[in-house]
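Residue numbers run from 1 in the order of the sequence given. Quantities reported herein were computed from a predicted structural model and do not represent experimental measurements.
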Amino acid sequence: MKKLLYHYQSFSIIAFLAFLLSSHNNTLAQTKTNLNENWLYLENNTSNPDQAKKADNWSKLNLPHTWNAEDATDLNPGYRRDASWYQKKLNLAKIDPNQRYYLYFEGSNVTTKVYINDTEAGGHIGGYIGFTIDITPFIKEGNNEILVRVDNSYDIEIIPSQKSDFFIYGGITRDVWLLSKYKNHIEDLKITTPQVSAKKASLNIVAKTIHSDTAKELTLTVILKNPKGKKVAGKTIPITANISTITFDNIKNPELWDIDTPKLYSVIAILAEKNQIRDSVNEKTGFRWFEFKDHGPFYLNGKRLLLRGTHRHEEEAGVGAAMSNAQHRADMESIKKMGANFVRLAHYPQDPEVYRACDELGLLVWDELPWCRGGIGGELWQTNTKNMLAEIINQNYNHPSIIIWSLGNEMNWLPDFPDGDNAGRTNVFLKELNDISHKMDPTRKTAIRKYYEGSQIVDVFSPSIWSGWYSGSYKSYQKAIDVYKKEYKHFIHAEYGGDSHVGRHSENPVTGENIIKAEGWEEAIVQTKVANIAQIGDWSENYIVDLFDWHLHISENDPSFVGNIQWAFKDFATPLRPEDDIPYMNQKGLTDRNGNPKDAYYVFKSYWSKEPFAYIESHTWTERQGPENTPRTISVFSNCEKVTLFHQQKSLGEKKRNLSLYPANGLTWDVNFLKGENILIAVGETKDGKRVTDTLKVNYRFNKNDTATALQLSSEKLKNGNYLVTAIAIDHNNLRCLDYEESVYFQCLKGGKTMKNQGTPTGSESIKMANGKASIEVVPDGSGIPIEMTALNQSFKGEYLKIAN
């Protein structure tokens with residue numbers, strides 16, 4: 001250290017500190033250790049930690065974890081809403097009296113109490129926001145015991161409302177960390193870019209520090225590095241209070257953060273005491289500016305940008321909300337690969353990995369307070385809600401991807417409290433939330449969705465437009481957005497789409513003509529009184545493809561439209577939909593619950609993606625029927641300039657993609673299928689001559705099936721060693737009944753277990769058939785005995801299959 005101090009006399013403090021940070025010398029007095037592994041879990045709702053510790057049925061697990069990973073999507077009504085305990089031994093070989101020690105929970109749902117060595121150390125209310133517990137007063141050298149009680153019981157005082165259309169998963173659903181910091185350290189860093197243009201920008205850094213009154217010669221140094229890691233600015237100031245501010249006023253020619261080139265700068269803040277580094281924080285930031293034009297489009301960095309968005313719920317098959325960082329990242333990468341530039345995180349703040357991914361991939365973010373339904377509550381409810389909003393803004397403040405703080409969704413629907421839907425009271429509170437948001441962060445916009453009485457309070461408003469699903473025809477979409485563009489100063493359309501069941505197809509999708517009121521577009525609270533496609537439709541992939549194709553055909557050709565946000569990217573679990581084709585699943589996803597794309601994913605990709613591709617609709621529609629010499633229209637979804645379709649190696653002609661044409665931008669052909677196997681090949685060609693291809697094999701028959709009379713079971717061994725058991729509904733001629741859509745129920749009697757409770761097309765023991773077909777994955781139990789399967793329903797009573805294992 002003497003040698004380093006000698007060098008310091010020759011260099012500026014900034015150069016000295018940068019040298020220290022780049023060296024391998026252990027000068028920083030902070031550590032961050034992941035604590036996800038080796039926990040014990042107890043499913044017991046006692047509030048007494050001593051009683052919990054005496055229990056003998058603790059089980060081992062790693063975090064993240066939710067006790068609702070499967071019971072949310074099993075076939076039994078309801079799911080566990082109660083408390084559980086987590087326990088971990090923490091060995092601290094040495095405790096430095098100059099250090100502070102913290103536990104950081106990225107998320108624990110819903111209320112949490114933390115005990116360290118039999119003493120309550122702290123807690124938290126709210127399930128989707130990170131929080132820190134100071135454990136310094138409670139720890140000792142050697143073994144320490146962490147005991148955590150987590151409770152997701154029904155509680156109307158904590159948002160989101162229990163009436164929301166998604167599960168409220170219980171557990172420590174995100175990562176947990178042990179933080180160690182020197183007693184004098186940086187507690188928080190807030191970064192803003194007050195002025196940004198292509199020629200110059202300014203950067204403002206507000207640092208909140210924790211330090212003792214006796215600390216002397218404290219300094220704060222901030223170094224700004226460009227995306228290539230080169231230092232472009234630096235400054236050192238003395239620390240004289242708990243809040244310090246450093247500003248860089250003239251950053252020339254900043255590399256802008258954009259959806260295609262999301263350039264990220266590094267902001268390194270360093271706290272030093274008597275020239276010795278005590279703490280450092282490294283944050284990312286981006287230089288960008290945006291604007292919602294009055295009654296017009298959105299601009300990013302001075303250029304019009306059509307917002308092309310989707311929604312994301314934080315959950316996945318088999319794990320519920322307890323997703324790994326790799327799973328979070330995979331979702332965001334798939335959204336970006338589709339060509340989206342905007343994501344609404346519904347209906348709550350999500351894992352830190354999601355925001356990092358959005359920053360790095362170039363996805364604009366609508367971040368949402370979980371005030372979803374339930375109306376307005378009393379003093380305790382309001383305090384909890386305001387605290388959550390402040391925590392969200394503080395936690396996610398520095399992410400350049402975030403442009404909107406949403407204050408709620410459908411807030412006055414289905415009130416939990418007497419008079420909870422009172423618009424006057426709601427507006428008073430909404431204005432308070434809006435003021436909090438603008439005071440804490442004047443650089444971003446506020447928004448709400450589907451609370452019309454408060455539309456003028458926030459900066460950006462989304463009405464409800466479910467054309468072609470919950471009301472009306474999708475052909476009324478242009479009329480709807482034309483109305484709202486005039487009515488709302490800053491209008492954006494969040495939520496549209498509909499359910500689709502993987503593998504279900506129709507030669508003539510149900511459009512509701514002469515049944516629905518075609519001109520409507522707003523979603524009704526009570527659906528039983530309104531005829532709509534959600535009720536009478538066939539849930540085919542074909543209909544949803546047509547619906548999305550029309551919405552995008554409108555939005556992509558409207559020069560004054562801000563943009564729209566499809567609902568939702570993945571199928572997700574919900575307690576409100578036990579009757580759906582896959583029970584307890586909201587099937588409005590562009591992918592299934594495992595992230596496997598449906599047909600609709602490729603519709604969006606054809607409008608939005610820059611990666612050349614061609615996709616023949618649809619790869620799960622391999623069995624079709626119809627009269628001989630009856631042409632069928634085949635659509636190819638592609639972003640190539642021109643596409644040629646081949647049938648049985650014969651060209652059906654080349655067509656140029658035309659954005660003004662519907663459907664499929666004009667990439668449609670009439671095909672006369674032959675009896676038996678038909679091979680379709682689409683060849684797409686880009687402007688620069690690059691070619692992409694897609695192939696689809698279709699088995700076509702001219703005779704229509706009769707009424708289903710039996711089930712036929714078969715099995716296929718998968719690459720992972722499991723078996724896919726498939727049930728086919730057949731008629732008396734042994735033809736597959738392509739019009740049969742009733743539920744079938746699977747059971748494994750011996751030799752293995754079904755992949756049940758997954759909420760996926762092959763992961764539910766109860767599932768409605770898709771064109772007379774349903775499947776389930778079966779895991780052998782390793783015993784070597786044959787797997788015995790049954791599939792049944794009221795019509796067929798049951799079929800039996802034995803698989804030699």
Side-chain angles (χ1 to χ4, degrees), residues 31-45 49 52-53 55 57-72 79-92 101-117 121-135 138-139 143-152 167-180 313-331 348-357 391 395 573 757:
T31 61
K32 183 178 181 180
T33 306
N34 185 271
L35 298 182
N36 283 355
E37 295 186 351
N38 300 319
W39 287 75
L40 296 176
Y41 171 70
L42 176 67
E43 200 155 282
N44 186 316
N45 67 359
K53 287 198 295 183
N57 56 331
W58 290 84
S59 57
K60 295 180 180 179
L61 55 74
N62 294 330
L63 302 179
H65 171 261
T66 173
W67 54 80
N68 303 121
E70 290 198 15
D71 85 318
Y79 64 113
R80 185 171 183 266
R81 304 292 304 276
D82 211 336
S84 287
W85 291 86
Y86 296 85
Q87 182 181 172
K88 182 178 177 62
K89 302 299 181 184
L90 179 64
N91 186 276
L92 298 173
Y101 298 86
Y102 305 89
L103 290 180
Y104 178 64
F105 293 77
E106 292 183 356
S108 180
N109 215 3
V110 175
T111 60
T112 306
K113 285 187 178 181
V114 179
Y115 299 83
I116 305 295
N117 296 328
H124 186 258
I125 296 173
Y128 306 97
I129 310 165
F131 60 95
T132 301
I133 304 293
D134 187 348
I135 62 173
F138 312 105
I139 55 176
N143 286 323
N144 294 266
E145 180 186 73
I146 303 172
L147 200 62
V148 184
R149 186 180 189 269
V150 187
D151 191 349
N152 75 331
F167 283 104
I168 300 175
Y169 292 95
I172 304 178
T173 54
R174 299 178 188 162
D175 296 345
V176 177
W177 302 85
L178 172 66
L179 309 179
S180 170
H313 263 296
E314 185 171 87
E315 61 128 80
E316 187 157 317
V319 297
M323 297 175 66
S324 68
N325 282 348
Q327 290 170 324
H328 289 300
R329 175 69 62 150
D331 274 0
Y348 40 80
Q350 299 189 10
D351 191 277
E353 185 66 21
V354 172
Y355 301 93
R356 281 192 291 269
E391 287 180 315
Q395 176 173 294
N757 309 332

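- Considering only heavy atoms from C-beta on, Phe131 stays 4.5 Å or farther from Ile125 through its side chain.
- Using a 3.5 Å distance cut-off with no hydrogens or angles, the side chains of Asn152 and Asn109 do not pair a donor with an acceptor.
- Partners of Thr112 under the side chain to side chain donor-acceptor pair (under 3.5 Å) rule, at least two apart in sequence or in another chain, are Ser108.
- Closest of all the heavy-atom pairs between Tyr101 and Asp134 is O-OD1, 3.2 Å.
- Minimum interatomic distance between Ile116 and Ala121 (heavy atoms only, all atoms of both residues): CG1-CB, 3.8 Å.
- When all heavy atoms of Tyr169 and Ala573 are compared, the pair lying nearest together is OH-CB, 3.6 Å.
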Original post:
Given Asn38 and Lys88, is the side chain to side chain contact (heavy atoms under 4.5 Å, CB included) satisfied, shown in steps?
Top reply: CA-CA 7 Å; Asn38 300 319; Lys88 182 178 177 62; 4.1 Å; yes
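- Between Tyr41 and His65, the ring centre distance stays below 6.0 Å.
- Nearest heavy-atom pair, Val150 versus Trp67, reported as atom, atom and distance to 0.1 Å: O-CH2, 3.4 Å.
- Looking only at atom types and distance, the side chain of Asn36 has no donor-acceptor partner in the side chain of Asn62 under 3.5 Å away.
- When the side chain to side chain contact (heavy atoms under 4.5 Å, CB included) test is applied to Gln327, the partners found at least two apart in sequence or on another chain are Glu316, Val319, Met323, Ser324.
- Looking at every heavy atom in both residues, Ala83 comes nearest to Arg149 through CB-NH2, 3.3 Å.
- Shown here are the side chain to side chain donor-acceptor pair (under 3.5 Å) partners of Asn45, two or more places apart in sequence or in another chain: Asp82.
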Original post:
Do Leu147 and Trp85 pass the side chain to side chain contact (heavy atoms under 4.5 Å, CB included) test, and can you show the C-alpha distance, the side-chain angles, and the key distance before you say yes or no?
Top reply: CA-CA 7 Å; Leu147 200 62; Trp85 291 86; 3.6 Å; yes
